[in-house]
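Step one of this worksheet: look at the structure below.
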Amino acid sequence: MEDILRSLGFVCLGSRLKRIGEQLQADTQRVLDRLDVRIQSSQYPLLAALDRLGPLPVGELAQSLGVAQPGVTRAVSLLTDLGLVEVMQSNDDQRRRIVSLSANGQRLVDTAKRDVWPRIEDAVAQLCADLSGPLLGQLAAIEDRLAATPLHRRAEKAKAVAPKAVAP
């Protein structure tokens with residue numbers, strides 16, 4: 001069957017990138033599930049931002065991730081319920097909420113940096129290795145490679161034996 005997104009080229013570039021992103025996130029989730037990590041792959045960037053930048057107001061956290069503040073607010077609420085982040089009122093402005101990693105959140109991030117993120121990075125690097133030429137051709141190659149060997153299988157091959165991650 002014809003792949004309409006591919007055939008329409010640049011007209012559907014956003015849709016193609018979204019499709020690739022969704023597949024990469026789903027495959028990353030499979031890696032996390034196999035390692036018994038009880039968090040959504042889409043929540044790791046928020047935890048990574050807090051690890052890298054330290055405690056941040058919700059608005060600055062949203063800005064650092066390049067996403068809308070309501071989405072970050074929802075994610076922070078969920079991660080608070082899971083005990084991975086803590087939220088405190090700002091000393092300067094009671095309307096501002098400052099988000100930071102909890103001790104459990106820091107342990108999860110430390111484990112991910114050691115055991116999970118390198119697997120994902122290696123798998124994506126392998127997926128994109130040797131790509132050259134026009135962007136649409138590269139997207140087609142990425143899609144074909146993901147169809148042939150999904151990212152979660154590539155991640156399994158990247159590090160055949162990895163310690164079990166700490167669950168929140």
Side-chain angles (χ1 to χ4, degrees), residues 13-90 93-128 139 142-143 145-147 149-168:
L13 180 61
S15 296
R16 270 181 96 179
L17 292 172
K18 182 178 179 189
R19 177 172 70 184
I20 290 169
E22 287 173 350
Q23 183 167 2
L24 291 172
Q25 266 195 330
D27 285 348
T28 298
Q29 190 62 52
R30 287 183 186 97
V31 172
L32 295 174
D33 291 346
R34 286 196 177 113
L35 293 172
D36 204 28
V37 177
R38 301 292 178 218
I39 188 170
Q40 296 299 307
S41 61
S42 61
Q43 296 165 331
Y44 264 119
L46 189 149
L47 297 175
L50 293 172
D51 178 62
R52 181 171 288 184
L53 302 173
L56 290 172
V58 172
E60 289 179 27
L61 184 55
Q63 185 178 11
S64 76
L65 297 169
V67 298
Q69 188 166 333
V72 170
T73 299
R74 283 190 298 276
V76 165
S77 178
L78 178 74
L79 292 170
T80 300
D81 291 345
L82 293 172
L84 299 175
V85 300
E86 297 170 342
V87 180
M88 300 178 69
Q89 297 299 323
S90 170
D93 182 348
Q94 292 300 311
R95 295 171 295 176
R96 286 179 46 170
R97 300 180 329 145
I98 308 296
V99 183
S100 62
L101 287 173
S102 68
N104 284 340
Q106 188 64 60
R107 279 192 293 277
L108 179 65
V109 169
D110 291 344
T111 299
K113 289 192 309 191
R114 184 186 67 237
D115 300 331
V116 180
W117 295 349
R119 290 179 131 195
I120 302 302
E121 185 172 10
D122 290 348
V124 174
Q126 180 210 12
L127 176 71
C128 297
L139 292 176
I142 290 171
E143 290 168 330
R145 291 174 182 185
L146 283 172
T149 308
L151 189 69
H152 69 279
R153 289 200 189 123
R154 292 171 185 274
E156 289 170 0
K157 293 177 185 176
K159 303 230 181 188
V161 179
K164 203 169 216 183
V166 174

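As a basis for the values below, the full set of heavy atoms in this structure was taken, side chains included, without hydrogen atoms, waters or symmetry mates.
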Starting at [atom1] of [X], measure out to [atom2] of [Y] and round the result to the nearest 0.5 Å.
| X | Y | atom1 | atom2 | answer |
| --- | --- | --- | --- | --- |
| D115 | I120 | CG | CD1 | 12.0 Å |
| L146 | L127 | CG | CG | 4.5 Å |
| Y44 | L32 | OH | CG | 5.5 Å |
| L50 | L101 | CG | CG | 5.0 Å |
| E86 | R97 | CD | CZ | 13.0 Å |
| R30 | L35 | CZ | CG | 14.0 Å |

Candidate pair Q23 and L151, rule side chain to side chain contact (heavy atoms under 4.5 Å, CB included), full reasoning: CA-CA 8 Å; Q23 183 167 2; L151 189 69; over 6 Å; no
Apply the test side chain to side chain contact (heavy atoms under 4.5 Å, CB included) to residues N104 and L82: give CA-CA distance (whole Å), side-chain angles for both, the deciding distance (0.1 Å), then the verdict. CA-CA 9 Å; N104 284 340; L82 293 172; over 6 Å; no
D33 side chain to Q29 side chain, donor-acceptor N/O pair below 3.5 angstrom: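 A pair is found: one side chain offers a donor N or O, the other an acceptor, under 3.5 Å apart.
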Those residues that, when tested against R145, pass side-chain hydrogen bond (donor to acceptor under 3.5 Å, both in side chains) (two or more places apart):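 If we apply the side-chain hydrogen bond (donor to acceptor under 3.5 Å, both in side chains) test to R145, skipping adjacent residues, there are no hits.
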Between D27 and V31, is the side chain to side chain contact (heavy atoms under 4.5 Å, CB included) condition met? List the steps. CA-CA 7 Å; D27 285 348; V31 172; 6.0 Å; no
Do D36 and R38 sit within salt-bridge range, that is, some charged N less than 4.0 Å from a carboxylate O?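 Result for this pair is yes, salt bridge flagged.
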Does R107 come within less than 4.0 Å of D110, counting only side-chain N to carboxylate O?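 Result for this pair is no, no salt bridge flagged.
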Does the R154 side chain pair with the main chain of V124, one donor and one acceptor, at a distance under 3.5 Å?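 Pair absent, no side-chain N/O of R154 close to backbone of V124.
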Which is it for L17 and L139 under the side chain to side chain contact (heavy atoms under 4.5 Å, CB included) test, yes or no, and what are the steps along the way? CA-CA 8 Å; L17 292 172; L139 292 176; 3.7 Å; yes
Is the count of non-hydrogen atoms from other residues, nucleotides or ligands lying under 6.0 Å from K113 atom NZ greater than 12?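 It does: K113 NZ has more than 12 such atoms within range.
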Report yes if the side chains of L47 and V85 come closer than 4.5 Å at any heavy-atom pair, otherwise no.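 Side-chain contact under 4.5 Å: yes.
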Counting only pairs under 3.5 Å, give me each side-chain donor-acceptor contact of residues 54-78, with atom names and distances, residues two or more places apart or in other chains.
| unit_1 | atom_1 | unit_2 | atom_2 | d |
| --- | --- | --- | --- | --- |
| S64 | OG | L61 | O | 2.8 |
| T73 | OG1 | Q69 | O | 3.0 |

